[in-house]
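Just so it is clear: chains get the letters A, B, ... in the order the sequence lines come, proteins before strands, and each one is counted from 1.
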Amino acid sequence: MRFREKVYVFFTALAVLIIVGLLFYIIFDIVKNGIRVISWEFISQPPREGMTKGGIFPALYGTLLRTLLMLIFVVPVGVFTAVYLNEYGSGKNFSKWIRLAINNLASIPSIVFGLFGLGFFVLFLRLGAGLLSSALTVGLLTLPLVVVSTEEALKAVPNSYREAGFALGATKWQVIRMIVLPQALPGILTGAILSVGRGMGEVAPILFTGVAYYLPYLPSSVFDQFMDLGYHIYIMTTQSFNVELTKPIQYGSTLVLLILTFSLNIIAILIRSKMRRGRLG
Amino acid sequence: MVNPRHIFDDELKNLRADLLRMGTLAREAVDKSIKALINRDTNLAEEVITGDDVIDKMDLDIEMKCMELIARQQPMARDLRTIGTILKTITDLERIADHAVDIAKIAKILADQPPLKPYIDIPRMCELSLSMLDDALRSFVNEDVELAKKMCERDDLVDALYNQVFRELLTYMMEDPKAVVRALYLIFVARFLERVADHTTNVGERVIYMVTGVLKELNV
Amino acid sequence: MVNPRHIFDDELKNLRADLLRMGTLAREAVDKSIKALINRDTNLAEEVITGDDVIDKMDLDIEMKCMELIARQQPMARDLRTIGTILKTITDLERIADHAVDIAKIAKILADQPPLKPYIDIPRMCELSLSMLDDALRSFVNEDVELAKKMCERDDLVDALYNQVFRELLTYMMEDPKAVVRALYLIFVARFLERVADHTTNVGERVIYMVTGVLKELNV
Amino acid sequence: MEAKERIAYIVVSLLASVAIVSVILIFVFIAKESLPVFFNPEIKKEANLRIFFLTRDWQPIGLEPKYSFLPLIVGTLKVTLVAIVVALPLSLGSAIFTAEFAPRRLREIIKPIIELFSAIPSVVLGFFALMVIASWVQDIFHTSSRLNAVTAGFALAFAVIPITYTICEDALNTVPRELKEASIALGATKWQTTIKVVLPSASGGIFAGIMLGLARAMGETMIVLMVSGNAAQITWSFLDSVRTIPATIAAEMGEVAFGSAHYVTLFFLGLLLFSITFIINYIASILLERTQKRLRGER
Amino acid sequence: MNNIKISVKNLNIYYGNFLALKDITLDIPEKSITAIIGPSGCGKSTFLRALNRMNELLPNVRTEGKVLLDGQNIYEPNIDLVTLRRKVGMVFQRPNPFPKSIFENVAFGLRIQGIKDKEQIEEIVELSLRRAALWDEVKNKLHKSALELSGGQQQRLCIARVLAVQPEVILMDEPASALDPIATLRIEDLMRELKEEYTIVIVTHNMQQAARVSDFTAFFLTDENRAGMLIEYGNTSEIFTMPRDPRTEGYITGRYG
Amino acid sequence: MNNIKISVKNLNIYYGNFLALKDITLDIPEKSITAIIGPSGCGKSTFLRALNRMNELLPNVRTEGKVLLDGQNIYEPNIDLVTLRRKVGMVFQRPNPFPKSIFENVAFGLRIQGIKDKEQIEEIVELSLRRAALWDEVKNKLHKSALELSGGQQQRLCIARVLAVQPEVILMDEPASALDPIATLRIEDLMRELKEEYTIVIVTHNMQQAARVSDFTAFFLTDENRAGMLIEYGNTSEIFTMPRDPRTEGYITGRYG
Ligand SMILES: Nc1ncnc2c1ncn2[C@@H]1O[C@H](COP(=O)(O)OP(=O)(O)OP(=O)(O)O)[C@@H](O)[C@H]1O
Ligand SMILES: Nc1ncnc2c1ncn2[C@@H]1O[C@H](COP(=O)(O)OP(=O)(O)OP(=O)(O)O)[C@@H](O)[C@H]1O
Ligand SMILES: [Mg+2]
Ligand SMILES: [Mg+2]
Ligand SMILES: O=P([O-])([O-])[O-]
C-alpha cells in the first residue's frame, strides 16, 4: 500500500522533471547555439547579403515599435474595461456582454486575428498593411491578458476598502482613483508587461497586416511596413534559400526574442510574487 | 427540535429540586421542634439540633451551585431571576431551620420543667406558619403567583397570634414569678415562629419576582 | 494600557460604595436606636423607624443592580464572588437595620416608663456589635481577610454579654412583677443586638469568601 | 464633482465597450468575407459546402483548384491528438505533484518555471521543434519526413502544457486546505486524499484545463506551420506530414487575390476555426465557473 | 431619555422580490448606544445599512418607508448621499484600514472633501486618533503602514477614520467579531466613551456584547416568510432581565426556536 | 475523576526555531470534555494538532516530549499515523464537508479503510448520523449534496463523519466559531452527549463556551518570548469561580495584560 503510493508520487514528480527538463533543454539549446552569434553588430546592423549575413536591427526595431504602439492602445482600453467590469458594471447586462466578449477574444486563435486585421484594419479602415494595423491587431489579441490581470488585481482589493471609502462620503470615482487603482497598480503593471511579452512574440496576427520579409529602410510612419523578429525567424527557417547557411543567424534571432520575452515575464513574476507577499504582510 | 439548552435546564431543575428538599427539611425541623416542645421529647429536640448541619451544608452547596451556574451558563432573564430567587430563598430557609434549632434548644430546657399551661396558640401558630411554608414551596414549584400572594396575606394572622400569645404570657409572668422563665422561653418560641412566617413571606415575594420580574415587599 | 473592563470595574465600585453606604446607614440605625432607648428619645426612635424605608429601598436597589450586572457583564471568578457577597451581605445589613427598628419600637414603648436600672451592659453590647460591624465593613472595603477573621471572633464576647444580660434581667423579672414588661423588652433588645453581631459575622464570612473563594461558617 | 463623476463613467464605459465591438467586428468581418460561399454564384461554383466536406483534396493552386477541408481537418485532429496525449499526463501529473506533494519551497520554484513555458513565443517553439525535435522524431521512428504530425504534435504539446498545467494546478489549489485536513484526520493517506477528495473536487477545473489545451492546440498557427510538413493528405499514419487549418490560412492568405474563391475559402476556414474554438472555450468556462462556485460552497 | 436622533418609520426593504425587513418602526435616541440583536439572516445588517443608504450599493434593493435623521427623511430624492454618509459614519465587521499609512487612513476623509491645509489635517488626525484611544500607541509611527497594527488597533483606526469626518452617528456592523476577547472589550470601552458625543448603533451576534455595551436593545426575528421584524425594543437592562416578549426571552436565554 | 486517556509530558513544539509551546504537561481524562482556552497565538491549535500529529502536515514543525494515548507514546517512530488519526479524530473550525453527498461524506472514512460491504456502510452511516443528532434532519436527503445543509448541520455532519471511523478521542478546534448562537448551543449540547462515549478536547476562543461545556479547562498563555505555556489546569468550575493563578483570573475576568 505505502509502496504503491510512493510509486504514484514518483510518477507525478517525474512529470515535473520531464517538463522542466525540456524547458531547460530548449533554453540550453538556443543559448548554446545563439550566444556565439550575438554581438553589438548583430543587434545594431541590418541584414546583408540576402540576409545571410549582418544583423537583425530592423526586425528588432519593428518589433519594439509595434509593441509600443500596441501598448498605447491596449493598456487604457484593458485597464478601464477591467475597471468597468469590477467597479461599475456588477450585475449589469452590459458587463455580462463585455465579459463574454473578453473570454471570446481570449479564445480566438491568433490566425483569426490576422484575418480580421486584414479584413478590418487593412482593407475596411484603409489603414493599410503597416505598423498601426499590426499593433491594433496584436493589441486586440493581448487585450484579455490586460483585462484579466487588471481585474484580478482589482478583485484582490478587498471590497471592504470600497465600502469604507463610500461610508466616509467618497464618490465612486474618488474611491476608484484614490483607493482601488493605487492598490491594484502592481497587478496592472503585471498585465501590461505580460501583454508586451505576449504581443512581441506573436507572428500569426501580423502575417497579413504589415510585416515585411525584407525592407531596406526603417519604417518612418505608423502606416509603413516593418520587419519583425519573430517573422524573421520564421522566414529564415522555412523560406530561406539556404537554411543551413543562416542557422547561426536563426539561433541568434531566436535567442534575442527569447531573452526579450523571458525577461519581461520574469519581471512580471517577480512583481506578482512581491505583491502577494505584500498582501500577506 | 431539541431544546439546545436542555442541559442547563436539567441543572436548573436539579437546583430547584435541591431547594425543595431543603425547604422540606426546614419545614420538618420546625415541625419537630414544636413537637419536641409539646411532647417534652429531648431526643427529638436533639435530632433537630444535629440535623441543622445538613441544612447548613445544603445552603452552602446550593449557593455554590448557583454561583457555578452563573459563571458557567450566563443565565439571563427568567433563568437568572430563578437563580437569584434560589440564592435568596435558601438564606430564608436556612434561617427558618435555625429558628427551629432555637426552638429545639428551648424545648430541651423546658422538657424537665412543669408545663405552664396547655399549649394551644403555639401549635396553632406553628401550624399556620408551616402551612404558609408549604404553600410557599408549592408556589415555587408551580410558579404560582396567586398562591404566593394569598400565602403572604396569612402572615397577618401569624402576627396577630403572636401578639395574643405575647400578651397572655406576659400576664403569666407578672402574676407568677416562678412562671417567668418558662413564659419567657415560650415568648421566644412564639417570636421564632413569627420569624418563620416572616421568612416564609420572603420566599413568596421571591417567587413572585421570579415569575413576574417585579420585586415588592409584601410584609411591611 | 487602560484596563478594558474599567467600566465594569466602575460599576462594581459603585456597587461597593452603595453597599458601604447601606452598611453605614444600618450601623447608624442601630446606634440611634440604642441611644433612643437610653435617652428615652422617642423622636430619635421614630427617626430610626421611618429611616428603615430608605434601607429597604437600598436593599432592593442593590440587588437589582447586582442582577443587572450579572445579566449584562457576565462576571466570573472574583468579580462574581464580589457580586455574590454583595447580594448576601445586603440581606444581613437589611436584617440589622430591621433589628434596629425593633429596638427603636421598644425604645418608644419604654420611653414613658421608669428606668429599670442604669444601662450598662446593653450599651456595651451595642458598642461591641457596632465595632464589629465597623470592622466588617472595613474588611470588605480593604478586602482584609485577617480583620474579618478577628472580627468574627469577637462574636463570642457578644454572646457572653447576652447571656449575662439575659440572666440578670431574668432575676429582675422574678423579683419584681412590675419589672417584668420592661425587663422582657430589654431582653429582646439584648437578643436583637446579639443578632446584629451574628449578622455581622455573616458579613465577615462573606468577605473571606469573596477574597479567598472559600466559604466557611465561623459562628457555629 | 457631479460632472467629473459623469465624465469618468462615460469614458470608462466607452473604453469597456471596445471588447464587445471588437468581437462583433471580428465575427462580422470574418463572416462577411466568407459569406460569398453561400451567396456569390461565381464563387459557389468553385467553393461550396459540398466541396468542402464531401471531396478529398485540397489543391487551391492549379488549374482546377480543389478545396476539400477534410485533409485539413484530419491534419488538425492528428496534431491535436498527439499534443493532448503528450501534454495531458505531463501537465496533470505535474499539477498533482506541485499542488499536493511538493514541499512549499519547491512548489514556489516549479510553478513559475512551468508557467514560463507559456512565455516562449510559438515561433521559438516552432524553431526549436524544427531544429531539435524533428531530428528526435526521425531518429526514433525512422520516418522519411522530419516534419510530420508527431513532430508537430510534440511541439504543440509545449504550447498546451503550460495552459493545462496552470488551470489544473489552480483547480487543485482552490480545494480548501480544510478538506484535505479533514480527509487526513479521518485516517486517509495523502494519496487517498488526492484521489478521493482533491481530484473529484477539482474535476471541473481539470476538465476545463484539458479543453482549453485542446482549443489552443487546434488554433495554434506558427508551430504547425513550421513543423507539420504542410502536406494536405488524408492518411492514417501519424508519421505523415499534415496540413492544419490555421497553417493553411497562414501559408496561403498572403498570396491570394482579394475576393477570389480561394480568399473566401480561407476566410471560411477561419470562421470554422473560430466557431470550434469558441464552442470548446464556452464549455470550458462554464465548467470552470461551476467548479469554483462549488468549491466556494455556493450552490 | 435623550432626544431622538434617528426615527425609523414603517421601513420595508426588499431584495428583488424578497421582503427582508418588514415594517420596522423604531426611535434611536441621541448620544446613546443602541444594539440590534437577532438570529442570523433576520436583517440586522440590512437595517443598519439602511441608516446611511449603503444598501444602495447593492443591486436590486428597494426601500420603502422613512428614516428621519434629525427630523429629515434621508430617503428623499434631494438628499446628498455624500453628506449623509459623512454624517452617518460606518465601521465594519472586519477591521479594514486602507493599505496606506496610519496618518493617511485618518486623513482620507478630509482629502476627499478637498481639504488641503496641512496643519488642519494634522490637527484633525491627531484629535481623531486621540478620541479613538489610539494616539498614544501610534503617535511615533504615524507614517508606518496601517496594516502593521494589531486587529484591535486596526479597528480603532477605522473608528478614528470615521471620527475624522465628524459624523453624528456611527453605525457598527459586528465591529468586534473578528477580534480576540481583550481587543473586543477595549472596543466596547471605546464605544462607551464615544457615546458622550455620538449616537452609536451596533449590530452584534454576541448577545453578551449587546448586554455589556448598549443602552437600548432591539431584537429582530424573521417571520414565516423569512422577513425580518422588530420583536421588542427597549432598555437593555430590561431586555436582558425581564423581556416582555416570550420570543425575546427564548432567544436571550438560548431556547429560541 | 475518570481514567487518564491522554497524557502529555513535557511537550515542546517548534516552528523552525520558534518555540511555540513550552514544556506542556497535562493529563486528559477519559470520557470528559477538556477545553483549551487562552489568548490568540498562545498555541492552542498547535497543542490540539499535536494530539493526532496533524502538525506534521506543516513544514518545519519539530515536536519534543511525549504524548501518551492509553499509555502508548504516539510520537514513537513505529506508530502508524493512519491508525492514530482514526483513533483521534478531528473537527475543524469551519464546517468542511466534502463536496459530495451527505451519505458519501460519512461513508468516506469507511471507504478509505477499504470497507466495501454496502449494508455495513449504510448501517454505520445511519448510526453516526444519529449520534451526531442529525439523522432526523437529513434522512430523507442522504444523497443530496452536503453543501446544501446549513452551517450548524454541516458541522454536525463533520462530527458524524468523524464518528463513523469510530474514534476514541475527538479533537475540536473552535468548532462553533463559524456558527450562530443557536447552532453553537446545539453543537455544545451534542458534545455533552458525545462525552458519554468519547474523550473530547476542544479549543475555543469563547470563554463562555468553555465554561458552559467543559469538565476540565486548561489555560494557556505566552511568555515574554511568545512561547505558549500552560498556566493553569483544573476543574472547569474551579477555573471559572476560583482560579488559583492571578493570570487566569485576569484573563477570565477580561482584565488580562
Ligand atoms: N445582497 C442581497 N441580495 C439578496 N438577499 C440578501 C442580500 N443581502 C442579504 N440578503 C438577505 O436578506 C436577509 C437579511 O440579511 P442580513 O444580512 O441583513 O441579515 P443579518 O441579520 O445581518 O444576518 P447575519 O447575522 O448573518 O449577518 C437574509 O435573508 C439574506 O439572505
Ligand atoms: N505554520 C506555522 N509556522 C510558523 N509559526 C506558526 C505556524 N502556525 C502557528 N504558528 C505560530 O505559533 C504560535 C501558536 O499558534 P497557534 O495557531 O497554535 O495559536 P492559537 O492559540 O491557536 O491562536 P488562535 O487563537 O489565533 O487560533 C503563534 O505565535 C503562531 O504565530
Ligand atoms: Mg449581518
Ligand atoms: Mg487556533
Ligand atoms: O433570622 P433573623 O435574625 O433575621 O430574625
Side-chain angles (χ1 to χ4, degrees), chain A residues 5 8-9 11-13 15-16 18-20 22-23 26 29-30 76-77 80-81 83-85 88 97-98 101-105 107-112 114-116 118-120 124 140 143 147 171-173 197 201-204 207-208 230 233-234 237-238 250 254 257-258 261-262 265 269, chain D residues 1 4-5 8-9 11-13 15-20 22-23 25-26 29-30 33 89-90 93-94 96-98 101 110 112-114 116-117 119-124 126-128 130-132 158 161 189 191 215 219-222 226 246 249-250 253-254 267 270 273-274 277-278 281 285:
Chain A
E5 297 201 346
Y8 295 144
V9 175
F11 276 117
T12 62
V16 173
I18 291 173
I19 294 179
V20 174
L22 279 171
L23 179 73
I26 294 175
D29 182 68
I30 291 171
V77 173
F80 284 106
T81 303
V83 165
Y84 183 88
L85 284 178
Y88 285 105
W97 290 109
I98 296 177
I102 294 291
N103 284 339
N104 231 313
L105 276 183
S107 73
I108 295 173
S110 47
I111 190 67
V112 176
L115 287 179
F116 168 69
L118 171 67
F120 184 67
F124 183 79
L140 280 185
L143 182 62
V147 174
T171 63
K172 190 136 203 162
W173 181 240
E202 279 295 330
V203 178
L207 283 175
F208 329 125
I233 296 167
Y234 164 63
T237 50
T238 56
Q250 296 168 24
T254 307
L257 184 59
L258 200 62
T261 53
F262 259 40
N265 273 277
I269 288 172
Chain D
M1 194 129 291
K4 244 193 201 165
E5 285 293 303
Y9 180 72
V11 169
V12 170
S13 312
L15 289 175
S17 52
V18 167
I20 297 185
S22 311
V23 170
L25 285 179
I26 289 174
F29 271 82
I30 309 278
E33 302 291 319
L90 288 178
S94 308
I96 290 176
F97 182 77
T98 16
F101 296 100
I110 295 175
I113 287 182
I114 297 184
L116 258 190
F117 242 118
I120 304 178
S122 46
V123 248
V124 174
F127 173 75
F128 175 77
L130 202 59
M131 294 295 165
V132 181
F158 289 135
I161 283 172
T189 62
W191 184 256
E220 176 53 45
T221 309
M222 294 315 288
M226 291 165 85
I249 301 172
M253 184 53 101
F267 264 95
L273 194 60
F274 179 84
T277 49
F278 175 81
N281 276 289
S285 69

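How far CD1 of A:Ile108 is from CD1 of D:Ile30: 8.0 Å, rounded to the nearest 0.5 Å. Note that CG of A:Asn104 and OG of D:Ser285 are 9.5 Å apart. Values are rounded to the nearest 0.5 Å. To the nearest 0.5 Å, the span separating CG on D:Leu90 from CD1 on A:Ile18 amounts to 5.0 Å. Considering CD of D:Glu33 and CG of A:Leu118, their distance stands at 7.5 Å, rounded to 0.5 Å. Taking OG1 of A:Thr237 as the reference point, atom CE of D:Met226 lies at 3.5 Å (rounded to 0.5 Å). Taking CZ of D:Phe158 as the reference point, atom CG of A:Leu22 lies at 4.0 Å (rounded to 0.5 Å).
Sparse packing is recorded around CH2 of A:Trp97, with 12 or fewer heavy atoms of other residues, nucleotides or ligands lying under 6.0 Å away.
Between chain D and the options A:Gly201, A:Gly119, A:Ser107, heavy-atom pairs under 4.5 Å are most frequent for A:Ser107. Note: A:Leu115 leads A:Leu115, A:Thr238, A:Asn265 in heavy-atom pairs under 4.5 Å with chain D. The greatest number of non-hydrogen atom pairs below 4.5 Å with chain A, out of D:Gly126, D:Gly93, D:Ser17, is found for D:Gly93. Your options are D:Val18, D:Leu25, D:Ile114, and the one with the most heavy-atom pairs under 4.5 Å with chain A is D:Leu25. Chosen from A:Ile102, A:Leu140, A:Leu85, A:Val147, the residue pairing most often with chain D at heavy-atom distances under 4.5 Å is A:Leu140. For chain D, the option among A:Thr254, A:Ile269, A:Thr261, A:Leu258 with the highest count of heavy-atom pairs below 4.5 Å is A:Thr254. By number of non-hydrogen pairs under 4.5 angstrom with chain A, the leading residue of D:Ser13, D:Ser122, D:Gly254, D:Pro246 is D:Ser13. Taking D:Phe278, D:Phe267, D:Phe101 one by one and counting their heavy-atom pairs under 4.5 Å with chain A, the maximum is reached by D:Phe267. Ranked by heavy-atom pairs shorter than 4.5 Å toward chain A, the options D:Asn281, D:Val124, D:Ile20 are led by D:Ile20.
With a 4.5 Å cut-off on side-chain heavy atoms, A:Tyr84 and D:Tyr9 count as touching.
D:Leu273 and A:Pro109 get closest at one heavy-atom pair: CG-CG, 3.7 Å. Closest heavy-atom contact between D:Val123 and A:Gly230: CG1-O, 3.4 Å. Closest of all the heavy-atom pairs between A:Phe80 and D:Ala16 is O-CB, 4.4 Å. Looking at every heavy atom in both residues, D:Gly270 comes nearest to A:Val112 through O-CG2, 3.9 Å. Scanning both residues, A:Pro76 and D:Leu15, for their nearest heavy atoms gives O-CD1, 3.9 Å. The minimum heavy-atom distance linking D:Val23 with A:Ala101 is given by the pair CG2-O, 3.3 Å.
For chain D, the nearby part of A:Leu207 is the side chain; its heavy atoms alone come within less than 4.5 Å. Contact of A:Leu23 with chain D is made through backbone and side chain together, with heavy-atom distances under 4.5 Å. Residue A:Tyr8 touches chain D through both its backbone and its side chain, counting heavy-atom pairs closer than 4.5 Å. Residue contact with chain D, scored on non-hydrogen atoms closer than 4.5 Å, involves the backbone and the side chain of A:Ile98 alike. For D:Ile120, the parts lying near chain A are the backbone and the side chain together; criterion is any non-hydrogen pair under 4.5 Å. The parts of D:Val12 that come within reach of chain A are both its backbone and its side chain, each placing non-hydrogen atoms under 4.5 angstrom from that chain. Neither the backbone nor the side chain of A:Phe11 has a heavy atom closer than 4.5 Å to any heavy atom of chain D. Both the backbone and the side chain of D:Pro112 come within contact range of chain A, with heavy atoms under 4.5 Å apart. When heavy atoms are compared at a cutoff of 4.5 Å, D:Ala215 does not approach chain A at all. Only the side chain of D:Leu130 comes within less than 4.5 Å of a heavy atom of chain A; its backbone N, CA, C and O stay farther away. The contact between D:Ile249 and chain A is made by backbone and side chain atoms together, counting heavy-atom distances below 4.5 Å. If you measure heavy-atom distances from D:Phe117 to chain A, the contacts under 4.5 Å come from both the backbone and the side chain.
With sequence neighbours excluded, no residue satisfies side chain to side chain donor-acceptor pair (under 3.5 Å) with D:Ser94.
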Problem set entry | Test side-chain contact (heavy atoms from CB on, under 4.5 Å) applied to D:Ile26 and A:Leu105, step by step | CA-CA 9 Å; D:Ile26 289 174; A:Leu105 276 183; 3.7 Å; yes
